[in-house]
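Okay, structure first, notes after.
Counting convention: from 1, in listed order, for ligands and their atoms alike.
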Amino acid sequence: MSTSSAPFLPFIPFTRPHFDQATIDAVAEVLRSGWVTSGPKLAEFETALSEYFGGRPVRCFANGTATMKIALQVAGIGPGDEVITTPISWVATSNVILSVGATPVFVDVDPVTRNIDLNKVAAAITPKTRAIMPVYLSGLPVNMDQLCAIAKTHELRVIEDAAQAFGSQWQGKRIGSIGDLVSFSFQANKNLSTVEGGCLVLNNADEAKLAEKFRLQGLTRQGMDGMDVDVLGGKDNLTDVNAVIGLHQLKQLPAFQARRSALAKQYFSAIRSAMHSAGLSHMQLELPVENFINTNWHMFQVVLPLAQLKVDRAQIMTELKELGIGTGVHYPAITGFTLYQKLGYKLDATPIAERIGRSILTLPLFPGMADEDIGRITHALVTILQKYAKP
Ligand SMILES: *Cc1c(COP(=O)(O)O)cnc(C)c1O
């Protein structure tokens, strides 16, 4: 494949949201209704989500970041507390820990799952540790049994950053239907999107009340009997415009999910056979965990064998882009960011995360992709790897 053929092929972004006509019509209806912010559609969406999560209380928020911050507030985590998390995540995960005044403690990742290595968590626990915040990268959950056992032994809260894991499961149970506090994001790239939004699965009515209070300025009451505020809250409510989109996405989720799985399956066989045909079987291109039961296939990520290549990831991404293929980096290790370096975190303290953060590459995967796209993307990637293979 030569770069000159690229202009004739449509660009494939790494992801693209899908909103059907019924969703667009429903948004128009909300806009015409005269009630556009949090109201009946939000209540309906929260009820639908609660049913989805086996009857547990669910509250929605303006975005996944606000959702996670409120989860920490509901758990009473603040200054002086430590929260154990992973360096391989969207920076929101550790930013929210800092934003409530607590301290993120980074534990290295497992090279296969790319999620927090639960075997290394115990060594990071101190008398100040209050919670564990695992992240399910690409929607692949951690071992929930092991996670819950650690939390129980050390009396810790678990706040799951399940932003990418809507529709994922653990031993036949949906992520969110089990666990402690479970946070999801409905941002545009996520498997279920409300454009922006998020939801938190809680344990009981008291926690749900507390979450509502933090969601709206810390108001305890508002009405004929006056108004009172007893904690510092924000303005983090989800609107009916977003909620109605979510209701429609929830109906389409099984179809989205089936398509994502089918495309992921195609990637595994296409990449393996193309690597073999290109004589690159010796190259250690790392594929995702081939788990078609637990994962919602939020992303299809490979870890590039940079030690066996003459170029870096940026060059590979540039050449893929020239061939009309969008890719992404999810994510560089958080500990390398200037803010975190200034706070004293060291990139080499978590060497596996450092390597993965430098080498991971997200290939396009979204329900609207065509089968042929998999072949085109695979061919482009393998051709580039072949071109730059060290002898
Ligand atoms: C998307 C995402 C978030 C944040 O969600 P927003 O809705 O963008 O605020 C947090 N953590 C992870 C792992 C994410 O992928």
> Looking at atom 4 (C) of ligand 1, what's its closest protein heavy atom, distance included?
Replying inline: Trp90 CD1, 3.7 Å
>> The criterion is side-chain contact (heavy atoms from CB on, under 4.5 Å); which residues satisfy it with Thr67, sequence neighbours excluded?
In response: Phe61, Ser183, Leu200
> For atom 15 (O) of ligand 1, what's the nearest protein heavy atom and its distance?
Replying inline: Gln164 NE2, 2.8 Å
>> So, 4.0 Å and heavy atoms of Ser89: is ligand 1 close enough to count as a contact?
In response: yes
>> Could you check whether any heavy atom of Lys190 sits closer than 4.0 Å to an atom of ligand 1, since that is the contact criterion I want to use?
In response: yes
> In terms of the angle between their ring planes, are Phe268 and Trp297 parallel, tilted or perpendicular, with boundaries placed at 30° and 60°?
Replying inline: perpendicular
> For Tyr331, is the nearest heavy atom under 4.0 Å from an atom of ligand 1?
Replying inline: yes
>> Less than 3.5 Å apart, any donor N or O on the side chain of Asn119 or Gln146 sitting next to an acceptor on the other?
In response: yes
> Taking only heavy atoms of Met68, which atoms of ligand 1 are found under 4.0 Å from at least one of them?
Replying inline: 10 (C)
> By number and element, which atoms of ligand 1 are closer than 4.0 Å to a non-hydrogen atom of Gly64?
Replying inline: 5 (O), 6 (P), 7 (O), 9 (O)
> According to the ring pair (Phe, Tyr, Trp, His ring centres under 6.0 Å) rule, which pairs have a member within residues 172-195, sequence neighbours left out?
Replying inline: Phe45-Phe186, Phe53-Phe184, Phe166-Phe184, Phe166-Phe186
>> Does the plane of the ring in Phe300 sit parallel, tilted or perpendicular to the ring in Tyr267? Use 30° and 60° as the thresholds.
In response: parallel
> Closest non-hydrogen protein atom to atom 11 (N) of ligand 1, residue and atom name please, with distance?
Replying inline: Asp161 OD2, 2.8 Å
>> Whether the side chain of Ser89 engages the backbone of Thr86 through a donor-acceptor N/O pair (distance < 3.5 Å, no angle test) should be reported.
In response: no
> Can you tell me which residue and heavy atom of the protein come closest to atom 14 (C) of ligand 1, and the distance to 0.1 Å?
Replying inline: Ala163 CB, 3.3 Å
>> Out of all atoms in ligand 1, which are within 4.0 Å of some heavy atom of Thr65? Include the element for each.
In response: 4 (C), 5 (O), 6 (P), 9 (O)
> What protein heavy atom sits nearest atom 8 (O) of ligand 1, and how far off is it?
Replying inline: Gln187 CG, 3.7 Å
> What atoms of ligand 1 come closer than 4.0 angstrom to any heavy atom of Val135?
Replying inline: 13 (C)
>> If you apply the rule salt bridge (charged side-chain N to carboxylate O under 4.0 Å, His left out), what do you find for Arg114 with Glu286, and how did you get there?
In response: CA-CA 11 Å; Arg114 305 153 188 170; Glu286 296 168 40; 5.1 Å; no
>> Heavy-atom pairs closer than 4.0 Å: do any link ligand 1 to the side chain of His330, the backbone, both, or neither?
In response: neither
>> Surrounding CH2 of Trp90 (heavy atoms of other residues, nucleotides or ligands, distance under 6.0 Å), is the total greater than 12?
In response: no
>> Quick test: of every protein heavy atom, which one is nearest to atom 5 (O) of ligand 1, and how far off is it to 0.1 Å?
In response: Ser185 OG, 3.2 Å
> If you count the non-hydrogen atoms of other residues, nucleotides and ligands that lie under 6.0 Å from NZ in Lys310, is the total more than 12?
Replying inline: yes
